[in-house]
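First the structure, in the form of structure tokens, and then the observations on it.
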Protein chains: 2
Amino acid sequence: MDYEHTCKIRGDGGRTLRAILDQICNKWTLLVVATLDQGTLRFGDLHQQVPGISQRMLTLTLRNLERDGLVLRTVYAEVPPRVEYALTAVGKSLIPPALALATWAIEHVPGIEARRADQKPSRGTA
Amino acid sequence: MDYEHTCKIRGDGGRTLRAILDQICNKWTLLVVATLDQGTLRFGDLHQQVPGISQRMLTLTLRNLERDGLVLRTVYAEVPPRVEYALTAVGKSLIPPALALATWAIEHVPGIEARRADQKPSRGTA
DNA sequence: CGGAATCCCTTCGGATACTG
DNA sequence: CAGTATCCGAAGGGATTCCG
């Protein structure tokens, strides 16, 4: 009975879990959320602080987050356009779980990658 | 300074985090891991207990988990083939972070989905 | 500055059929 | 039983171009 908690994961066949996985697994979402944890940032700031992201993907990621109520988008009607993004309460609440995953990653990914590297060369028990 | 912990997420530009995200985001991995939290299971058991998964995807998912050392695969050389799968210590260690995510999902996904439903029809403040 | 639109390649993943 | 192989459509996501 030490596994009854996994019903939270398996619960409805994983539908609920997957709803969020579909959102955060898109390669950039968690990075953007983590970056916004600093506080309000402009589009350009985000573009710089999330290394490697394209304008397109940043826009799409932010739009999805806004749609889901994790991010608040504020447009200022100024001459040089200014748009600011900030996490909502729901958005902030995603940080701890994300952090749990990141902590796990820091601890285990190096070993996993070493293992992968080991298997490619000879693949045997040699 | 309440956001310095996000360095764990953003750390290396998210490379470490993404290494695990790439693994768990493939739609079935977390379900399989959660199912295996019960204990050792055979291929057929998993196929039944993970609703909707195809043989192909179950095989691929298990192979990836085995490669990364999260799952141990044991083949018995019997007349009707028998293969058992079990979580390794590393695999088990993934449960808590996954559970954190699942808990978040249970709490917030309903609201998110309601919000999505709201935006499709009129999309306005109507 | 902050996008939107288009193009296009890669990957994911479902369905099906075959095998030891 | 426990896969493997093939086909194929859908989605992810990068590069580039254009716009208010």
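Chain identifiers are assigned alphabetically (A, B, ...) following the order of the sequence lines, protein sequences preceding nucleic acid strands; residue numbering begins at 1 within each chain. All values derive from a computational prediction rather than experimental measurement.
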Problem - First-last contacting nucleotides on DNA chain C - partner chain B, under 4.0 angstrom, heavy atom - result: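 In short, chain B contacts DNA chain C from C:dG13 to C:dG20.
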Problem - Within residues 14-31 of chain B: residues closer than 4.0 Å to DNA chain D (heavy atoms) - result: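 Residues of residues 14-31 of chain B that come under 4.0 Å of DNA chain D do not exist, since none gets that close.
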Exercise for the section: Would you jot down, in residue-number order, the residues of residues 52-61 of chain B having a non-hydrogen atom under 4.0 Å from DNA chain D? Expected result: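 Hits under 4.0 Å, by residue number: B:Gln55, B:Arg56, B:Thr59.
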[X] [atom1] to [Y] [atom2] distance, which is reported to the nearest 0.5 Å:
| X | Y | atom1 | atom2 | value |
| --- | --- | --- | --- | --- |
| A:Asn26 | B:Cys25 | CG | SG | 8.0 Å |
| B:Glu113 | A:Arg15 | CD | CZ | 4.5 Å |
| B:Asp68 | A:Arg115 | CG | CZ | 7.5 Å |
| A:Tyr85 | A:Leu62 | OH | CG | 5.0 Å |
| A:Thr61 | A:Arg56 | OG1 | CZ | 9.5 Å |
| B:His47 | B:Leu58 | NE2 | CG | 6.5 Å |

Problem - Within one Ile-Leu-Val-Met-Phe-Trp-Tyr cluster: A:Val83 and A:Leu72, side-chain cutoff 4.5 Å - result: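 Looking at the clustering, A:Leu72 is in a separate group from A:Val83.
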Exercise for the section: Is it possible for you to say whether B:Val109 and B:Ile106 belong to one hydrophobic cluster, with membership spreading through side-chain heavy-atom contacts below 4.5 Å? Expected result: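 No.
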Measure from [atom1] on [X] to [atom2] on [N] and round the result to the nearest Å.
| X | N | atom1 | atom2 | answer |
| --- | --- | --- | --- | --- |
| B:Leu62 | D:dG3 | CG | P | 7 Å |
| B:Leu41 | D:dA2 | CG | C1' | 15 Å |
| B:Leu46 | D:dA2 | CG | P | 9 Å |
| B:Asn64 | D:dG3 | CG | P | 14 Å |
| B:Arg63 | D:dA5 | CZ | P | 11 Å |

Exercise for the section: Ignoring backbone atoms, test whether B:Arg73 places a side-chain nitrogen or oxygen under 4.0 Å from the OP1 or OP2 oxygen of D:dA2. Expected result: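 No, because none of the side-chain N or O atoms of B:Arg73 sits under 4.0 Å from OP1 or OP2 of D:dA2.
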Practice task
Identify the two heavy atoms, one from B:Ala34 and one from A:Ile9, that lie closest to each other, and give their separation to 0.1 Å.
Solution key: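 What the structure gives for the nearest pair is CB-CG2, 3.5 Å.
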Practice task
Identify whether any heavy atom of A:Tyr76 sits under 4.0 Å from a base atom; if not, whether one sits that close to sugar-phosphate; answer base, sugar-phosphate or nothing.
Solution key: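 It contacts nothing in the nucleic acid.
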Handout entry: Touch class at under 4.0 angstrom, heavy-atom based, for B:Pro81 against every strand present
Key =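 Base: the residue B:Pro81, judged by heavy atoms under 4.0 Å, touches a nucleobase.
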Handout entry: The single option from B:Ile95, B:Leu17, B:Leu94 passing side-chain contact (heavy atoms from CB on, under 4.5 Å) against A:Trp104
Key =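 Running side-chain contact (heavy atoms from CB on, under 4.5 Å) over B:Ile95, B:Leu17, B:Leu94 with A:Trp104 returns exactly one hit, B:Leu94.
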Exercise for the section: Determine the sole option in B:Glu84, B:Arg42, B:Arg82 for which the side-chain hydrogen bond (donor to acceptor under 3.5 Å, both in side chains) test with B:Tyr76 is passed. Expected result: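 Output: one option passes, namely B:Glu84.
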